[in-house]
Structures are given as structure tokens and as C-alpha cells.
2 protein chains.
Amino acid sequence: MARDTKDILKKNRLSVTASREKILNLFLDQSGALAHGDIEKRAGEKFDRVTIYRTLQVFVEKGIIHTIPTADNSILYALCKDDCEEGHHHDHHVHFVCRQCQNTYCLDNVVTPDIKLPTGYSAKQIDVVVEGICRQCSI
Amino acid sequence: MARDTKDILKKNRLSVTASREKILNLFLDQSGALAHGDIEKRAGEKFDRVTIYRTLQVFVEKGIIHTIPTADNSILYALCKDDCEEGHHHDHHVHFVCRQCQNTYCLDNVVTPDIKLPTGYSAKQIDVVVEGICRQCSI
DNA sequence: AATCTTTTGCAACAATGTTGCTTTTTTAGT
DNA sequence: ACTAAAAAAGCAACATTGTTGCAAAAGATT
Ligand SMILES: [Mn+2]
Ligand SMILES: [Mn+2]
Ligand SMILES: [Zn+2]
Ligand SMILES: [Zn+2]
């Protein structure tokens, strides 16, 4: 349980609690994205499902984590490494879903491209999800 | 109930049934994407929920409709206008979610860009979802 | 340490999705 | 058109996932 978690929570004006530290640590210890279900399993039966839902919601609102769109009805969450703020995210990176290991990664260095839209449409946010084989799995 | 639906179903070697025709027609009559819930409402209480689930599943497998990734845990479906085949989709267009009317549209003429990935990653499929204001809503 | 505030856990509920089985409908062959 | 075989629909039961209100517990502040 690194000291980091307390700092991150305090910096975001959140009270420091066991579940918040635990859940935040899962994200810090992990390169990929996590679904609510993953957290429920890895947290080790310790926390109520409702607490996890509420914690994830607060983390998203504070700009600590962001959601990743998927085509299969599961919301994924990953740490924000960009300069996200409360109520305002700035995640402009591409997400990668591996068909083999099933993990989803933030490709923090791959910036979402601009998209030329037809007249009349204006873009506020662009999400790119690439599906394929990740580095680990192509070795 | 246009003649089209029967043809489309037959072309895909599916038996022609009332629910399949009804659901297929909802997609044909509609420019935007539909969620399972939308279909349940618009079909007018006529069909069992299970039938709708199974119909959507079959349509996706046959390449008649495709799913659209969302960040809010709802699977959206839209007609395939590209040359999709059974078990193999070829939808390479961008999807647009309007923040105002909440509709999701296939921008069939906007092709998904290539993404340069870090070494080791290989792409099989690229999904782009643009969020903003649609043409209708910006008038 | 005492108080005030926030978060947690619980229970109950709602919504969504799945499965097995029976009945009904469709299809294909006569 | 009639019949037999095959496929799909409907139903019920269940599983999973997400939501809400409220009392108890824990955290922050003085
Ligand atoms: Mn990300
Ligand atoms: Mn589409
Ligand atoms: Zn992988
Ligand atoms: Zn709109």
C-alpha cells in the first residue's frame, strides 16, 4: 500500500478510506484497464459491491480514472495519466484491446487523430479503440 | 412491411418470421442506431424480450447489423451498409453520438483512419466513436 | 476527545441478460 | 395443399448487473 494513494486521494479532496486506497492501488499496480467485476474479484470479497460502484463513480468525477468504450456491454476503467481535472477529462489517447489476452491498455503515447466530419457535425470528444494483438501476446 | 425484409432474410438463409421482419424494418426505417431497449419499446410489446435478444444475435452473426461501442454500458446496433458477410464484418466507418439528441449515427462516408501503433502491437479492427453535436441539432 | 461530515454496508429493488424446455410457426418434400 | 422435419418463439426460472434509501461506522475537524 504505497504512500501515493493517500496523496492522490488528498490532492483530490477525498477522504482517505480503506476501500478507496485498495481500489486505487489496483489501478496503480496494473497496466491494463479494469472492469467493475475485476475489481470485485481482486479486492478479495472485502468490499460491498455498492461501495465499488460509488468509488468508481467518484474517481471518474474527480478525473482519477476514465472510462473506455467497449462493444460488449462492460464498462472499463483506467488511470488517467493526462492532466485530467474534476469534472473535465483530457484523455486523448488510443485504447487497445488484445484479442488474445483480452486485456485492454491505454496507449498513452498514441494520440487520437482528428476526424474530418461531414458539414453540420461538430466533435467534442473522439474515442478510438483498436482491437488486435498486444506486444506481450505477439512475442 | 416492405418486400425488402423478406429478401434480406432469405439472402442470409434465415427463415422469415414476424419478429425478424419487424425488427429488421425498425432498422431500415431508421437512420440512427438502436439499443435492445429501443427495439423492445418500438416493437410494441409484441415480442418476447428473449426473442429480441436472439434475433439481434443472429443478425450480428449474419452481418446484417453491427454493434457500436459505447462508454455507458449499452450495446447499440445499426444496419451494415458495407459488404459484411456471415461471421465477418467490414464496417470501417466512424460512429457519431450526439450530446443533444442522444442519437448515434453511422457516418458511412467517414472512413476510420489508420493508427500508428507502438512496435509489437498489431491492429485487426479500429473503432472510432465521435461525440458532439449532430447536423440536425446544430441547425 | 467530541462533534460534525462523509462513507460504508445492508437490504430491497430494478434492469438486463441467459438458459432449458414446450408450443408454435416455418420450411421443404410429397 | 398436406405432412413431416426443422427452426423459432414464448414462457418460466434464474443469474448478473446496477440503483436507491437508510442506519451504522469511519474519517475529518476543532
Ligand atoms: Mn485510457
Ligand atoms: Mn455503423
Ligand atoms: Zn495480449
Ligand atoms: Zn443530435
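No hydrogens, no waters, no symmetry mates; every other heavy atom, side chains included, goes into these values. These numbers were taken from a predicted model, which means no experiment stands behind them. First the proteins, then the strands, lettered A, B, ... as listed; each starts at 1.
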Grab the CD-P distance between B:Q57 and D:dA7 for me, whole Å please. 16 Å
Whole Å only: how far is the NZ atom of B:K41 from the C1' atom of C:dT16? 12 Å
Does A:T17 have a side-chain nitrogen or oxygen under 4.0 Å from the phosphate oxygens OP1 or OP2 of C:dT8? yes
Residue closer to the 5' end of DNA chain D, B:V58 versus A:E40 (nearest nucleotide): B:V58
So does B:R54 reach the base of C:dG17 with its side chain, donor to acceptor, closer than 3.5 Å? no
Are A:Y121 and B:V128 grouped together when hydrophobic residues (ILVMFWY) are joined by side-chain heavy atoms under 4.5 angstrom apart? yes
NZ/B:K116: more than 12 non-hydrogen atoms of other groups inside 6.0 Å: no
Select one nucleotide: of D:dC11, D:dT19, D:dA9, the one nearest the side-chain heavy atoms of B:V50. D:dC11
Take the protein atom CD1 of A:I75 and the nucleotide atom C1' of D:dT16, then report the distance between them rounded to whole Å. 14 Å
For A:D72, does the CG atom have more than 12 heavy-atom neighbours from other residues, nucleotides or ligands under 6.0 Å away? yes
All heavy atoms of B:C84 vs all of B:D91, minimum pair found to be SG-OD2, 3.3 Å
Are any of B:S15's side-chain N or O atoms less than 4.0 Å away from OP1 or OP2 of D:dA8? yes
Grab the CG-P distance between B:L9 and D:dA7 for me, whole Å please. 16 Å
Round to the nearest Å and state the distance from A:I23 atom CD1 to C:dT7 atom C1'. 12 Å
With respect to the side chain of B:T55, which nucleotide from C:dT27, C:dT8, D:dA9 is positioned closest? D:dA9
I need the A:I139 CD1 to A:C134 SG distance, nearest 0.5 Å. 8.5 Å
Please report, rounded to the nearest Å, how far the C1' atom of D:dA7 is from the NZ atom of B:K10. 16 Å
Any side-chain N or O of A:N73 below 4.0 angstrom from OP1/OP2 of D:dT17? no
Rounded to the Å, how far apart are B:D48 CG and C:dG17 P? 14 Å
Sugar-phosphate only, base, or nothing, as touched by A:R20 at under 4.0 Å among non-hydrogen atoms: sugar-phosphate
I want to verify a distance call: between D:dT19, C:dG9, D:dA8, whose nearest atom is closest to the A:Y53 side chain? D:dT19
Of the candidates D:dG10, C:dG17, D:dG18, the side chain of B:H36 sits closest to C:dG17
What is the distance from OH of B:Y77 to C1' of C:dG17, rounded to the nearest Å? 10 Å
The residue, B:R49 or B:K46, whose nearest nucleotide of DNA chain D is more 5′ is B:K46
As a test of reading the structure: which of C:dT6, D:dA8, D:dG18 is closest to the side chain of B:L14, going by heavy atoms? D:dA8
